[in-house]
Student: 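Before I ask anything, let me first share the structure, which is written out below as structure tokens.
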Number of protein chains: 2
Amino acid sequence: MGNAYNVMAATCPSRTVLHRIGARWTVFIVNALDNRPMRFTELKAHIRGITPKALTETLRAMEYDGLISRTEVPANPPHVEYALTDLGRSLLIPLRAVREWAESHVPDIERARAQADAQR
Amino acid sequence: MGNAYNVMAATCPSRTVLHRIGARWTVFIVNALDNRPMRFTELKAHIRGITPKALTETLRAMEYDGLISRTEVPANPPHVEYALTDLGRSLLIPLRAVREWAESHVPDIERARAQADAQR
DNA sequence: AGATACCGGTATCGAATCTATACCGTCCGA
DNA sequence: TCGGACGGTATAGATTCGATACCGGTATCT
């Protein structure tokens with residue numbers, strides 16, 4: 001395939017894309033929206049410890065990048081729904097793998113840390 | 001499988017692991033060490049735009065977590081080699097996918113951004 | 001009608017983090 | 001002995017982040 005972009009180049013647009021994906025909370029939001037849309041408050045409750053400010057900023061950035069959609073539902077009472085777009089769903093595949101790696105390698109990392117601490 | 005860790009819980013150890021993986025430069029270093037060890041200066045040249053401070057700090061943290069090894073080679077002249085450990089190589093699989101996603105979806109994101117800009 | 005609660009956020013401020021830039025000691029070859 | 005590469009540190013400034021408080025609109029309860 002050999003595409004034209006290379007994240008190692010400082011000025012390559014893919015660098016800014018990777019920077020955005022790697023932002024503190026993006027991986028959480030993408031994983032949270034895995035199998036259904038969610039509301040603002042619902043996301044905030046689901047992703048423990050995220051502040052409303054961080055949530056708002058990350059959602060806005062992801063919407064700007066076309067990863068999620070924001071829909072004001074004119075029901076009674078009205079509310080807002082966030083959902084993954086097709087692009088966001090394609091990102092879910094690698095980011096779910098990252099999440100799973102993190103969850104399944106906790107003991108390995110804790111062991112490495114303990115060993116490093118013992119060494120000193 | 002159903003492991004005991006869940007990144008969505010604020011106090012779960014997997015959260016700190018994910019935070020570490022998501023740190024600004026980890027994904028670059030893991031991808032840079034893909035197929036061979038590298039020296040400090042080599043890494044700095046390869047990952048364009050990284051500062052020596054950021055490189056040092058990220059390498060130290062990754063070594064602490066057991067993702068890379070740091071070896072002082074007593075050759076002439078002596079030098080230092082950084083390499084992925086087995087654990088680091090296992091992380092390479094998801095992080096390479098993230099990198100590839102970034103490199104292959106630049107046009108999609110640029111299109112979304114342009115459309116968002118036009119809308120306002 | 002008034003009080004209360006929930007939703008989807010903003011505003012503000014101090015703390016932590018990241019970047020840019022300059023510098024440093026050691027080793028080596030010329 | 002001079003210069004340069006290597007593997008970093010030190011310092012300062014800009015940026016980002018997190019904690020906390022607040023706010024306007026809409027229901028619902030009494």
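Throughout, a chain's letter reflects where its sequence line sits, starting with A, and its residues are numbered from 1. Computed from a prediction, not measured in an experiment: that's the story for all the values here.
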Student: Decide yes or no, distance alone: a donor-acceptor N/O pair under 3.5 angstrom between the base of dT19(C) and the side-chain of Lys53(B).
Tutor: yes

Student: Could you give the CD-to-P distance, from Glu57(B) to dA10(D), as a whole number of Å?
Tutor: 11 Å

Student: Would you say a side-chain N or O of Arg39(B) is under 4.0 Å from OP1 or OP2 of dA5(D)?
Tutor: no

Student: Which is more 5' along DNA chain C, the nucleotide nearest Tyr82(A) or the one nearest His19(A)? Just name the residue.
Tutor: Tyr82(A)

Student: Looking at dT16(D), I'd like to know if its phosphate oxygens (OP1 or OP2) sit under 4.0 Å from a side-chain N or O belonging to Trp25(A).
Tutor: no

Student: Give the rounded distance in Å between these two atoms: CG of Leu55(B) and P of dG8(D).
Tutor: 9 Å

Student: Can you tell me the distance, in whole Å, between the CD1 atom of Ile50(A) and the P atom of dG8(C)?
Tutor: 15 Å

Student: Counting side-chain heavy atoms from CB outward, which of dT19(C), dA27(D), dG7(D) is closest to Val80(B)?
Tutor: dG7(D)

Student: Is the side chain of His46(B) donor-acceptor paired with the backbone N or O of Glu42(B) at a distance under 3.5 Å, no angle test?
Tutor: no

Student: Would you indicate, yes or no, if dT17(C) has its OP1 or OP2 atom less than 4.0 angstrom from a side-chain nitrogen or oxygen of Arg24(A)?
Tutor: no

Student: With side-chain hydrogen bond (donor to acceptor under 3.5 Å, both in side chains) as the rule and sequence neighbours excluded, what pairs involving residues 5-17 of chain B come up?
Tutor: Arg99(A)-Asn6(B)

Student: Does dG8(D) have OP1 or OP2 under 4.0 Å away from a side-chain N or O of Arg70(B)?
Tutor: yes

Student: Taking only side-chain N and O atoms of Arg60(A), does any of them lie within less than 4.0 angstrom of OP1 or OP2 on dG8(C)?
Tutor: no

Student: What is the separation between atom CD on Glu72(A) and atom C1' on dT26(D), rounded to the nearest whole Å?
Tutor: 14 Å

Student: Check whether Thr26(B) reaches the backbone of Met62(B) with its side chain - one donor and one acceptor, N or O, closer than 3.5 Å.
Tutor: no

Student: Same cluster or not: are Tyr64(B) and Trp25(B) linked, directly or through other Ile, Leu, Val, Met, Phe, Trp or Tyr residues, by side-chain heavy atoms under 4.5 angstrom apart?
Tutor: no

Student: Quick one: Leu59(A) CG to dT10(C) C1', roughly how many Å, whole number?
Tutor: 15 Å

Student: Output the rounded distance in Å from NE2 (His79(A)) to P (dT28(D)).
Tutor: 14 Å

Student: Without decimals, in angstroms, what is the distance between Glu81(B) CD and dC6(D) P?
Tutor: 13 Å

Student: Give the rounded distance in Å between these two atoms: CD1 of Ile47(A) and C1' of dG18(D).
Tutor: 16 Å

Student: Given dG8(C), is OP1 or OP2 found less than 4.0 Å from the side-chain N or O atoms of Thr41(A)?
Tutor: yes

Student: So what does Pro77(A) hit on the nucleic acid, given a heavy-atom distance under 4.0 Å: a base, only sugar-phosphate, or nothing?
Tutor: sugar-phosphate

Student: Within this structure, what is the CZ-NE2 distance for the pair Arg111(A) and His105(A), rounded to the nearest 0.5 Å?
Tutor: 10.0 Å

Student: Both Asn76(A) and Pro52(A) contact DNA chain D. Taking the nearest nucleotide for each, which residue is further toward the 5' end?
Tutor: Pro52(A)

